[in-house]
Amino acid sequence: MLFFRLARILKEALFPSKCMGCGSFFHPSRDAAQRNNSSAKAYEWETMTFEKVMAPFLCSDCLCNFLPVESPLCSVCGFVFKSREGNDHICGNCIEHPKRFGKARALGIYDKTLMEVVHSFKYKEKLQLARPLEELLFSVFVRNWNIDDFDLVVPVPLHVKRFRKRGFNQAYLLVRDWPGIAVKFKSGNFDIGQDALCRTAWTEPQTGLGRKKRMENIKGAFSVGDESKVNGKRVLLVDDVYTTGATVDECAKAILGGGAVSVDVLTLARAV
Ligand SMILES: [Zn+2]
Ligand SMILES: [Zn+2]
């Protein structure tokens, strides 16, 4: 055992890890090293934390700069209220513009560490982040819903042109192993509807656009190819970031139009 301990200490000294948040070199904690070796051991899904799961990938500063989504928030869109007091309630935006989906929830706020992590994953192809993010997202799913209430999990699709350029759909990679995770969790019996929804219209990136422009830009961009895939189903829609909700609401419109019973939304990050 002493040999293994020395070997590990030597390895860490010689080969520090590069932080996927800020790019600096760091030495993962011992807990993180252990987690990496025995990945996906009987987890406590309800109490899983970002800090624990991401420790092998992020330096301690970046781990500290993660901002979780916490109540009080909008009971519909999941908007995190500035005031840290009071209960969840519906926000002004959801009253003014009713949503087609039931409720939307997210792991963390789209800022600082989580923003960097999403960028590394999506644009720098750090695909080793897929599995830990997938586990964290599943833990948010378990905490906010009864997962037995769902028949189908649909990742928000990319347009085929963007898919070819990027080579992967980040939303799909966030749910790909969920059926296996659900078996370990001993609950949930849903399918992954990777091609349940198609992005039929090419849209320019939504970045930098306001809510109204985003809605116009994305209108009619999605369609359900084969309605039998969604008809009568209770659907969870998954994406990396919820910004104004225009994209997921447009997806919900297409899925409900195909005969789905309900659509809820889960994302990694929530813009505020
Ligand atoms: Zn860092
Ligand atoms: Zn709201």
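Whatever order the structure lists them in is the order used to number ligands and atoms, beginning at 1. Every heavy atom of this structure was used, including side-chain atoms; hydrogens, water molecules and symmetry mates were not.
One N or O on the side chain of D226 and one on the backbone of S228 form a donor-acceptor pair closer than 3.5 Å. Judged purely by atom type and a 3.5 angstrom limit, D151 has no side-chain atom pairing as donor or acceptor with the backbone of F190. Between the side chain of R100 and the main chain of V263, no donor-acceptor pair closer than 3.5 Å is present.
Seen from the Zn ion (ligand 2), atom SG on C74 and atom SG on C77 lie at an angle near 110° (rounded to 10 degrees).
Under the 3.5 Å distance criterion, with hydrogens and angles disregarded, no donor-acceptor pair is assigned to the side chains of N217 and K212. Under 3.5 Å, the side chains of D88 and S71 contain a donor-acceptor pair of N or O atoms.
Remark: aromatic rings of F141 and W178 are close, center separation under 6.0 Å.
Around the Zn ion (ligand 1), protein atoms of type N, O or S found under 2.8 Å number 4.
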